[in-house]
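Each remark here refers to the structure printed beneath this line.
We're numbering straight along the sequence, starting at 1. Every value quoted in this text rests on a predicted model; they were computed, and no experiment measured them. All ligand and atom numbering here is 1-based and tracks the order in the structure.
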Amino acid sequence: MKTVEDYNFRGKKAIIRVDFNVPLDSNYNITDDSRIKAALPTVEKVLKDGGSVILMSHLGRPKEGPEERYSLKHIVDHLSRLLQREVKFADDCVGNSAVEIGDNLKPGEVLLLENLRFHKEETKGDRDFANKLASLADVYVNDAFGTAHRAHASTTVIAEFFSEDKMFGLLLARELKSIEKVVKDIKRPYLAIIGGAKVSTKIDVLNNIIDKVDDLIIGGGMMFTFIKSQGGKIGKSLVEDDYLETAREMMYYAKSKNVNIHLPVDAVIADDFSNDANTRVCKSDQIPDGWMGMDIGEKARQSFSSIIGNAKNILWNGPMGVAEMDKFVAGTESIVKAMVEATEKGAFTLVGGGDSVATINRLGMAAKVSYVSTGGGALLEYIEGKELPGVKAILKD
Ligand code: AMP
């Protein structure tokens with residue numbers, strides 16, 4: 001795997017696909033800069049060699065052309081402070097300003113391009129658009145794991161225009177190595193903890209890991225489809241009735257393979273999908289009519305913590321409850337704490353996906369697990385065994 005470590009950037013211009021898709025508040029202040037910080041080692045390696053850097057990223061999901069709230073200009077000052085040098089900005093990623101500033105870029109200088117997704121050609125994987133980006137630089141580096149599962153112009157198609165001079169950034173390389181460790185070099189017991197809203201969006205992952213794990217904890221909204229499939233009463237909890245049969249089959253299959261599927265024994269229930277709702281705790285398969293499960297209960301937290309404590313290889317994706325509401329975050333927090341303890345005891349612990357990562361960051365525990373992946377979708381697709389287009393494009397001659 002060729003990375004920036006294997007290349008001397010002296011006198012070269014490197015265009016680096018980073019993931020600067022950071023959350024901004026209503027005054028455009030960055031509320032979590034971990035994605036920017038994660039990209040710094042690659043940028044600094046190029047600069048240290050005596051190269052110059054052109055950074056490109058998306059931010060948010062602009063619909064039709066430029067939108068103020070998705071402009072990457074909001075991060076220029078912060079990036080400049082982190083790099084301790086001026087960061088130039090081109091207000092269009094492929095326009096005249098990009099070409100002009102790019103042409104005049106000197107060793108040690110950094111240029112940030114405006115949001116790639118202000119052009120619909122980016123997500124369409126347009127060749128001409130990719131070529132325009134490519135022509136700004138001598139070397140292409142992909143350091144954005146979060147979008148490596150997308151065949152976009154800047155993540156995949158652009159690589160065609162660099163025969164030799166294309167490589168992985170340090171972050172992307174580290175992501176791939178860490179995930180491979182969970183997938184290939186498995187210590188047992190191997191536990192997967194899968195939460196989040198729906199079975200339908202996680203079914204491919206579940207199908208893929210069910211053959212590999214010893215234990216599978218299922219939490220979040222998706223647990224209610226499983227509980228209902230076993231004849232439980234779930235009130236008005238989130239459910240996908242068209243996945244009941246899938247859930248039933250998975251329970252049956254797991255049993256035949258000696259894989260333990262753990263569903264929470266109790267749940268925090270609410271009379272409304274709101275932080276102000278009335279709440280109670282009950283058995284997770286006896287939820288009264290008019291109530292919905294919003295988090296795992298205390299007994300489930302204890303039992304899941306002890307399963308986590310016994311595992312040696314742990315993959316976690318997706319919250320145990322509606323973690324963005326304070327009232328229903330405790331179940332997800334209990335998983336974070338148990339993961340940290342398991343890591344201290346020597347387990348390999350990998351966390352990925354927006355909400356699980358947000359919870360671990362909020363608790364300040366990210367450094368206390370083995371690895372926090374910046375990718376949600378990309379992490380899951382990689383674990384599913386799919387080839388990521390962004391990775392394949394770099395490996396291809
Ligand atoms: P995902 O993106 O699939 O990992 O799902 C994350 C979402 O699942 C979060 O927005 C949570 O609010 C949601 N979620 C977790 N538990 C529940 C639940 N019990 N009922 C409804 N939504 C839930």
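- The ligand atoms of ligand 1 that sit less than 4.0 angstrom from a heavy atom of G221 are 15 (C), 16 (N), 17 (C), 18 (C), 19 (N), 20 (N), 23 (C).
- Among M294, K202, M292, the residue whose heavy atom lies closest to atom 1 (P) of ligand 1 is K202.
- A donor-acceptor pair shorter than 3.5 Å cannot be found between the side chains of E109 and S52.
- The side-chain hydrogen bond (donor to acceptor under 3.5 Å, both in side chains) analysis of residues 275-288, with sequence neighbours excluded, yields the pairs D271-N278.
- Against a heavy-atom cut-off of under 4.0 Å, F224 is close to the following atoms of ligand 1: 19 (N).
- Taking the side chain as every heavy atom from C-beta outward, T42 and V18 never approach each other to under 4.5 Å.
- A salt bridge links R35 with D19; the closest basic N to acidic carboxylate O contact falls under 4.0 Å.
- No hydrogens or angles considered: a donor-acceptor pair under 3.5 Å links the side chains of D91 and S97.
- Nearest protein neighbour of atom 23 (C) of ligand 1, counting heavy atoms only, is V322 CG2, 3.6 Å.
- Between the choices A323, G321, P319, the shortest heavy-atom distance to atom 15 (C) of ligand 1 belongs to G321.
- Among all protein heavy atoms, the one lying closest to atom 12 (O) of ligand 1 is E324 OE2, 2.8 Å.
- In terms of protein heavy-atom proximity, atom 6 (C) of ligand 1 is closest to D355 OD2, 3.3 Å.
- The protein heavy-atom contact nearest to atom 5 (O) of ligand 1 is A197 N, 3.0 Å.
- Counting only heavy atoms from C-beta outward, the side chains of D49 and V4 never approach each other to under 4.5 Å.
- Ring pair F145/Y382 is perpendicular by interplanar angle, where above 60° counts as perpendicular and below 30° as parallel.
- With ligand atoms numbered from 1 in the order given, ligand 1 contributes 21 (C) to contacts under 4.0 Å with heavy atoms of F273.
- The atoms of ligand 1 that sit less than 4.0 Å from any heavy atom of G293 are 18 (C), 19 (N), 20 (N).
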